[in-house]
Each structure stands twice: as C-alpha cells, then as structure tokens.
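Comments concern the structure below.
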Number of protein chains: 2
Amino acid sequence: MNTPTNSSLLKGSLSVMILRLLEDRERMYGYEITQKVKELTAGEMAITEGALYPALHKLEAEGLLTTETQLVDGRARKYYSLTKTGQTEAAGRIAELAAFLENLNLVLNLKPSL
Amino acid sequence: MNTPTNSSLLKGSLSVMILRLLEDRERMYGYEITQKVKELTAGEMAITEGALYPALHKLEAEGLLTTETQLVDGRARKYYSLTKTGQTEAAGRIAELAAFLENLNLVLNLKPSL
DNA sequence: TTTTTATACCTAAGACTTGTAGGTATGTAA
DNA sequence: TTACATACCTACAAGTCTTAGGTATAAAAA
C-alpha cells in the first residue's frame, strides 16, 4: 500500500465529503469511508481517523446523521446514514462547496497541465 | 455593492491564491488583492482583511514575499512581490492544491448542474 | 461644513478543523 | 507469536479563518 501524497486536507472539506458519500449510499461506517476515499483517489488522499470520527460525531450531533451499530464477524460496526434533515443540508452544503470551488478556480486560473 | 455569498474560505486556500495572483503580476498591495478577488469572482468571494494581512505577513516571514512601501496620493501602499524562493515555492504549492482539488472532485463526483 | 464612503494599513480574541499520537479490541495471516 | 487489517475512540497542539475592532487620508455626498 503506497503512502498518500496528500497528507493534509483543506479544512472544511471533510464533512462535505462525508455528506456527499452518504448521498449515494444507504449507509457507511467510519472505516469504510477511509477506504472508499483511498479507493476513489487511487491512494492519493487519506482521511485520518483523528479527523473522521470527531467529524462524524459532530454531524450526528447536528442531526444530519443517525447511527445503528451492528456486529459483523465479532467486530462492532457503527453505520451512519443521512437523516431527512441531513439530506436537505447535504444538498445545500455540497452546492456551497461547489460554488466555492468554481470561484477558487476563477482566482487560480489554472492552466491545463496535462 | 452586493454582499458576497461565500463568506467563508476553505482554510488553506488563501495563501495559495495570493501566490497565484503574484505569479502573474510584478507586485500587488493588500487592498488591491481584495479588490482583484472580488472582480475575478463577480463579487461572490470576499477576502477578509483579518485573514489577508496575517497571511501576507506570514508569507513574507517565510521568505516567499518581499515588500516595498510607497506613498500614493497621500496614502501608504505596501507592495508585495514574489522572491526567487517564492517563485519556486508558489509553483509547488499551486500544484499541490491543484492535485488536492482533483482528488476532491473524485470524491465529490459532482454532476454538472448547469 | 460635516458626514459618509472608499482607500489602505493593522491586531486581538475566539471558533473551528485537522494532524499527530496515542488507546482498546478482534480476526487473520505470516 | 507476532504482525497486520479491521474497527472504534479521545486528547492535545497547530494552524487558519471570522468577527470585531482600531488608525488614517482623500473624495464624495449631504
């Protein structure tokens, strides 16, 4: 397994990534999220657990996520899903981030390098 | 003057925006940067001065920027330019951010909404 | 003439997110 | 039996940003 090149996230993006992943899936558990992100980015992006779990707990406290714990192969998994409020909020926050990224690109004016 | 819709930045992007703007320009002063960002984003993105000036000072302390103060119309302007080190570092940090943004898009998998 | 707006710089305090660095525990492979 | 993958967690420090002030000059509006 190769070491991720991007060790740090842009602060504020993690919770939106979580919400976006859960928009497309019924439910996910924490460890699964870390693996899915690695998979989607070909190992280039790593979600640290020290950031992930507090983020999940905060989204749950905000009422955007609900949990159900399940025992699989003798190990406890905590599945997270979007609440109804979470679905609405997710759409809003994702749109907000998308708008920001468009503006960021306007400022950066990056030339296509490939 | 319309109120910016994006009140918050993705933490970490500001310094790269500054470096990118200075890549294309000999020199800029703080206030000019805030106006240029507004202009480029049609007023949607606002750089707060409370974030901008500390960021400029840090980049200068890191040796990436140099300053020259000039009096224009009775008001002092502090012009910032990239140092030689700054030019190298700018290229690196911009590439790093671009790579991160690509990975972020892979995770977000945003559908074209317009 | 006085007040407001635009220009132009600055800092302090607090909120918030993240990385580092630990910890616990089970199942499986070496 | 040792290491690795799975699976959860927290405390602390570092860093960036927003909010909310401050100072000062020039020009425009009231």
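Labels below follow one simple rule: chain letters A, B, ... track the order of the sequence lines, proteins then strands, and each chain is numbered from 1. Model, not experiment: these values are computed from the prediction.
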Glu49(B) has a side chain; which of dC9(D), dT7(C), dC10(C) sits nearest to it?
dC10(C)

Tyr53(B), nearest nucleotide to its side chain (from dT18(D), dC9(C), dT18(C))
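Comparing dT18(D), dC9(C), dT18(C) against the side chain of Tyr53(B), the answer is dC9(C).
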
Check whether any side-chain N or O of [X] sits under 4.0 Å from OP1 or OP2 of [N], and answer yes or no.
{"X": "Tyr29(A)", "N": "dA7(D)", "value": "yes"}
{"X": "Tyr31(B)", "N": "dC9(C)", "value": "no"}
{"X": "Thr48(B)", "N": "dT18(D)", "value": "yes"}
{"X": "His57(B)", "N": "dT11(C)", "value": "yes"}
{"X": "Lys11(A)", "N": "dA14(D)", "value": "no"}

When the distance from [atom1] of [X] to [atom2] of [N] is rounded to whole Å, what number comes out?
{"X": "Glu62(A)", "N": "dA15(C)", "atom1": "CD", "atom2": "P", "result": "16 Å"}
{"X": "Ile33(A)", "N": "dA7(D)", "atom1": "CD1", "atom2": "P", "result": "13 Å"}
{"X": "Leu52(A)", "N": "dC9(D)", "atom1": "CG", "atom2": "P", "result": "9 Å"}
{"X": "Arg93(B)", "N": "dG15(D)", "atom1": "CZ", "atom2": "C1'", "result": "13 Å"}
{"X": "Leu9(A)", "N": "dT20(C)", "atom1": "CG", "atom2": "C1'", "result": "14 Å"}
{"X": "Leu14(B)", "N": "dG15(D)", "atom1": "CG", "atom2": "P", "result": "16 Å"}
{"X": "Leu56(B)", "N": "dA8(C)", "atom1": "CG", "atom2": "C1'", "result": "13 Å"}
{"X": "Ile47(A)", "N": "dT6(D)", "atom1": "CD1", "atom2": "P", "result": "16 Å"}

How about Met28(A) and Tyr80(A): do any of their side-chain heavy atoms sit closer than 4.5 Å?
no

Contact between Tyr79(A) and Thr67(A) at the side-chain level, heavy atoms closer than 4.5 Å - yes or no?
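No; the side chains remain at least 4.5 Å from each other.
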
Enter the distance from Ile47(A):CD1 to Glu49(A):CD here, rounded to the nearest 0.5 Å.
11.0 Å

Interatomic distance, NZ@Lys36(B) vs CG@Leu21(B), rounded to 0.5 Å, equals 8.5 Å

Strictly below 4.0 Å, N to O, side chains only: are Glu68(B) and Lys78(B) in salt-bridge contact?
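Not counted as a salt bridge, because no side-chain N and carboxylate O are separated by less than 4.0 Å.
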
Is any side-chain N of the basic residue among Arg93(A) and Glu89(A) closer than 4.0 Å to the acidic one's carboxylate O?
yes

How is Gly50(B) classified with respect to the nucleic acid when contacts are heavy atoms under 4.0 Å: base, sugar-phosphate, or nothing?
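Base contact.
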
Can you see whether Arg27(B) engages Gln70(B) through a side-chain donor-acceptor pair at a distance of less than 3.5 angstrom?
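Short answer, yes.
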
Ordered by number, residues from residues 63-79 of chain B within less than 4.0 Å of DNA chain C (heavy atoms) are Arg75(B), Ala76(B), Arg77(B), Lys78(B)

